[in-house]
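Lettering of chains follows the sequences in order, A, B, ..., and the numbering in each one begins at 1.
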Amino acid sequence: MTAYWLAKSEPETWSWDDHAKKGVEPWTGVRNHQAANNMKAMKKGDRAFFYHSNASSAHGGRAIVGIVEVTKTYYPDPTDKTGRFGAVDFRAVRALKSPVALTTIKSEPRLAHLALVRQSRLSVMPIDEKSWALICKLGGVAP
DNA sequence: GCCAACGTTGGC
DNA sequence: GCCAACGTTGGC
């Protein structure tokens with residue numbers, strides 16, 4: 001059973017283009033237990049949306065821009081000196097044909113329940129299958 | 001640049 | 001163990 005997720009990154013720090021160029025890259029720097037617990041629950045082959053947070057219009061604004069796949073499950077984050085938090089590895093799968101903006105998600109009643117809308121500070125969150133399919137459709141790609 | 005939400009820290 | 005102060009995230 002594949003599960004679905006959403007992970008945020010500030011494009012000024014790490015953008016979708018950076019990830020697509022790199023291929024596989026560790027997802028480090030999460031310092032929130034709720035987000036870390038979500039990463040802990042990820043299995044190999046799970047999919048996640050790559051979301052640009054805090055993005056200026058130069059980067060296309062706040063939007064879901066791509067899809068990644070879990071290639072390595074939760075392990076201690078080498079960038080965390082306290083040893084409390086972990087990381088996973090993501091492989092870039094594909095870019096959305098058209099990015100799905102936060103404003104679009106907020107204006108879609110079927111997506112109003114997403115943590116992306118309700119809990120703006122959470123950086124890694126689960127996405128239910130129906131929402132995954134709908135966002136893929138809005139983004140112009142197959143689920 | 002501002003500020004709401006919310007997590008963390010430290011005094012008691 | 002409570003809670004005020006403070007720091008950070010991220011939308012606007």
Side-chain angles (χ1 to χ4, degrees), chain A residues 2-44 46-141 143:
Chain A
T2 305
Y4 301 101
W5 310 91
L6 181 147
K8 294 180 178 178
S9 182
E10 295 192 32
E12 310 259 329
T13 311
W14 184 253
S15 72
W16 166 257
D17 285 344
D18 293 333
H19 206 122
K21 252 176 244 162
K22 198 77 187 289
V24 177
E25 179 75 9
W27 200 262
T28 57
V30 170
R31 297 293 181 267
N32 170 286
H33 288 290
Q34 205 183 339
N37 280 336
N38 288 331
M39 290 204 298
K40 237 179 247 182
M42 290 180 186
K43 300 180 303 297
K44 219 172 166 179
D46 280 0
R47 298 262 162 138
F49 285 128
F50 192 113
Y51 175 83
H52 278 171
S53 68
N54 246 326
S56 62
S57 49
H59 280 97
R62 294 162 190 90
I64 294 170
V65 291
I67 293 173
V68 295
E69 179 181 282
V70 178
T71 57
K72 188 176 177 186
T73 53
Y74 199 77
Y75 60 95
D77 181 346
T79 71
D80 176 26
K81 291 186 195 79
T82 70
R84 282 187 290 181
F85 297 98
V88 297
D89 286 0
F90 283 149
R91 176 178 69 83
V93 174
R94 71 170 69 87
L96 298 194
K97 270 188 192 148
S98 45
V100 179
L102 180 61
T103 51
T104 306
I105 291 163
K106 285 197 159 171
S107 65
E108 169 52 70
R110 283 172 293 171
L111 297 174
H113 65 286
L114 292 185
L116 185 67
V117 178
R118 308 179 74 106
Q119 238 181 308
S120 65
R121 288 186 53 199
L122 185 61
S123 61
V124 181
M125 67 193 74
I127 299 283
D128 61 282
E129 203 174 342
K130 274 187 184 167
S131 303
W132 179 270
L134 178 56
I135 293 168
C136 285
K137 197 175 166 190
L138 294 171
V141 296

Heavy-atom pair with the smallest gap, counting every atom of A/Ala101 and A/Ala63: CA-CB, 3.6 Å

d(CD, A/Glu12; P, C/dG10) in whole Å: 13 Å

Value in whole Å for how far the C1' atom of C/dC12 lies from NE2 of A/His52: 19 Å

Below 4.0 Å: OP1/OP2 of C/dT9 and any side-chain N or O of A/Tyr51: no

Between P of C/dG11 and CG of A/Leu114, the distance in whole Å: 13 Å

Base C/dT8 to side chain A/Arg121, donor-acceptor N/O within 3.5 Å cut-off: yes

Nearest to side-chain heavy atoms of A/Lys106, which nucleotide of B/dG7, C/dG10, C/dC12: C/dC12

Shortest non-hydrogen contact between A/Trp16 and A/Val68, atoms and distance: CZ3-CG1, 3.8 Å

Value in whole Å for how far the C1' atom of B/dA5 lies from CG of A/Asn32: 12 Å

A/Ile105 CD1 to C/dG11 C1', straight-line distance once rounded to whole Å: 13 Å

Rounded distance (nearest 0.5 Å) linking atom NZ of A/Lys106 with atom CZ of A/Arg62: 9.0 Å

d(CD, A/Gln119; C1', C/dT8) in whole Å: 15 Å

Separation of atom CG in A/Asn37 from atom C1' in B/dG7, rounded to whole Å: 14 Å

Compile the donor-acceptor pairs under 3.5 Å between side chains in residues 130-139 of chain A and protein atoms, sequence neighbours left out, one pair per line.
| unit_1 | atom_1 | unit_2 | atom_2 | d |
| --- | --- | --- | --- | --- |
| A/Ser131 | OG | A/His113 | NE2 | 3.3 |
| A/Ser131 | OG | A/Asp128 | OD1 | 2.7 |
| A/Ser131 | OG | A/Asp128 | OD2 | 3.0 |

Distance in angstrom units between A/Glu10 CD and C/dT9 C1', rounded: 8 Å

